[in-house]
Amino acid sequence: MKYQPITLKKGKDSSLRRFHPWVFSGAIQKKSPDLKEGEVVEVYDNDGQYLGTGHFQIGSIMVRVFSFKKREIDREFWKEKLGHAISLRRSLGLIGNAQTNMFRLIHGEGDGFPGLIVDVYGSLAVVQCHSVGFYHIRTLLAELIQEELPEIIEAVYDKSAQAVPFKAELGAEDGYLFGQSQAWKGKEYGLSYEVDAEGGQKTGFFVDQRENRRLLGEYSQGKDVLNTFCYTGGFSVASLAGGAQSVDSIDSSAKAIELTDKNVALNFGEESRHQSFTQDAFEFLKDIHHKYDLIVLDPPAFAKHHKVLDRALKGYRKINRLAFEQIRPNGILFTFSCSQVVSADHFRKAVFTAASQSHRRVQILHQLHQPPDHPVNIYHPEGEYLKGLVLQVE
Ligand code: SAH
């Protein structure tokens, strides 16, 4: 099979040589005019030396490279690649684990699949294609997932409609690539969660907070806890399991609150320690005078691109300041940012500013990240998106 070549301008090959997987449009010297979005292409330097193979796409990133070795991109290739991703999760103890069976199987660039996310919730895998190239091979990917994990996977759901580039006009519709709809459930450190893959946000559950939820549980004994931006209530459930005296969950989405209530009931039945509120978190935080010992701030990505970075940092400063000002003495704050464009440094500065505005003494106890089933390609630091701080407020 011959793939269409793309030739780079002189001197534009260094990032690919360092295994960074993106080729920007400005780096391209020559390409065939009839390339179609999603097509497999081979990238060459200006002297005709092979650099990598990837999916062609339209936009400022024009190629996302998934192989730095020249070879046929066939079923065998994807099977081998998936095998690497599975073997990492196996070594992390996430496959066939009765206590924790919700994890990320493929984390885009971090796993050498630029443009693809696959999350596993018990016996369901949810595939989300962010590129046309992966969208075209979604059925093959589903088959391979089923073949390689026959002991756990019963269904694969495609949730790409909102993720694929809309300009590609693929007419993408979400649906099961195999298996059928049911009330999917999964476990995280022995706690049960119902996952609404079909109707929920992103792929249905934020598995990236697994270790941080567990840590929150360890801090929860006897505490009055506020969980803002609760979505499926993961932090609330972990905190109740950790012996919290009370937990209040806040989300602006009524559907999220419904999910939170369901997940609390699934683990604890009627639980008088838990209350939930469908409300804007900024509003709620305005008036929480000394009611809480432990506060979780896990907002959605305030900044999706660089242009809105300043506004996002303002948002982080504001919610953190509200929490610092009102948390009880010796309170503990778990504060997060999941915006890719907000660096750990930016985030820390925003939280630092908020702390100083509250005139309280603050100690950093933990610096938190995404877990190892969300690996970061060392040559693609953009993949390091989740940042968190655990702070004690005197
Ligand atoms: N902490 C969650 C994930 C949070 S996702 C977990 O562990 O799974 C972000 C959530 O913030 C979404 O559920 C969204 O509905 C909610 N949200 C967005 N803007 C909000 C606002 N202004 N006030 C309250 N909730 C908001």
Side-chain angles (χ1 to χ4, degrees), residues 100 102-104 117 119 121 126 162 185-189 191-197 199-217 219-220 225-242 244 247-264 266-267 274-288 294-304 308 311-312 314-320 322-323 333-340 342 368-371 373-374 385-390:
T100 299
M102 300 161 82
F103 59 90
R104 181 152 288 189
I117 296 292
D119 283 332
Y121 305 125
V126 182
Q162 287 192 348
K185 287 201 181 99
K187 284 206 158 187
E188 187 179 281
Y189 288 119
L191 298 167
S192 300
Y193 295 97
E194 191 171 311
V195 177
D196 181 11
Q201 301 175 31
K202 300 276 175 70
T203 62
F205 194 84
F206 287 87
V207 280
D208 56 359
Q209 290 285 24
R210 180 178 56 244
E211 306 304 324
N212 305 331
R213 283 194 274 262
R214 185 189 202 196
L215 183 67
L216 179 78
Y219 275 95
S220 294
V225 180
L226 172 64
N227 179 18
T228 59
F229 309 94
C230 64
Y231 186 33
T232 52
F235 281 109
S236 306
V237 169
S239 191
L240 289 164
V247 176
D248 288 350
S249 303
I250 315 298
D251 201 287
S252 55
S253 145
K255 208 163 159 208
I257 291 297
E258 209 179 289
L259 280 167
T260 294
D261 290 342
K262 244 191 200 172
N263 283 328
V264 169
L266 192 60
N267 289 280
H274 182 247
Q275 276 189 290
S276 57
F277 305 87
T278 306
Q279 207 179 320
D280 180 274
F282 285 87
E283 286 302 314
F284 192 91
L285 281 165
K286 276 186 185 157
D287 190 22
I288 53 162
L294 219 174
I295 298 178
V296 180
L297 303 174
D298 184 26
F302 283 152
K304 295 236 161 78
V308 294
R311 208 171 63 210
K314 216 166 148 185
Y316 290 118
R317 283 196 294 271
K318 184 165 176 193
I319 46 168
N320 282 282
L322 289 168
L333 179 63
F334 276 63
T335 182
F336 297 96
S337 162
C338 61
S339 306
Q340 203 171 73
V342 174
L368 306 178
H369 306 279
Q370 63 217 58
D373 53 331
H374 296 60
Y385 69 100
L386 183 63
K387 298 138 297 260
L389 293 167
V390 180

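Whatever order the structure lists ligands and atoms in, that order sets their numbers, starting from 1. Just so it is clear, the values below take in all heavy atoms, side chains as well, and ignore hydrogens, waters and symmetry mates.
- In this structure, the side chain to side chain contact (heavy atoms under 4.5 Å, CB included) partners of Thr232, at least two apart in sequence or on a different chain, are Phe205, Leu259, Asn263.
- A donor-acceptor pair under 3.5 Å is absent between the side-chain atoms of Tyr231 and the main chain of Phe206, judged by distance alone.
- Within the 3.5 Å criterion, the main-chain N or O of Phe302 finds a donor-acceptor partner in the side chain of Ser339.
- Within 4.0 Å of ligand 1, contacts by protein heavy atoms are made from Gln201, Phe206, Arg213, Phe229, Cys230, Tyr231, Thr232, Phe235, Asp251, Ser252, Ser253, Gln279, Asp280, Ala281, Asp298, Pro300.
- For Gln162, the CD atom sits in a loose shell: 12 or fewer heavy atoms of surrounding residues, nucleotides or ligands are nearer than 6.0 Å.
- Two rings, from Phe235 and Phe336, have their centers less than 6.0 Å apart.
- Distance alone, capped at 3.5 Å, places no donor-acceptor pair between the Asp251 side chain and the Thr278 backbone.
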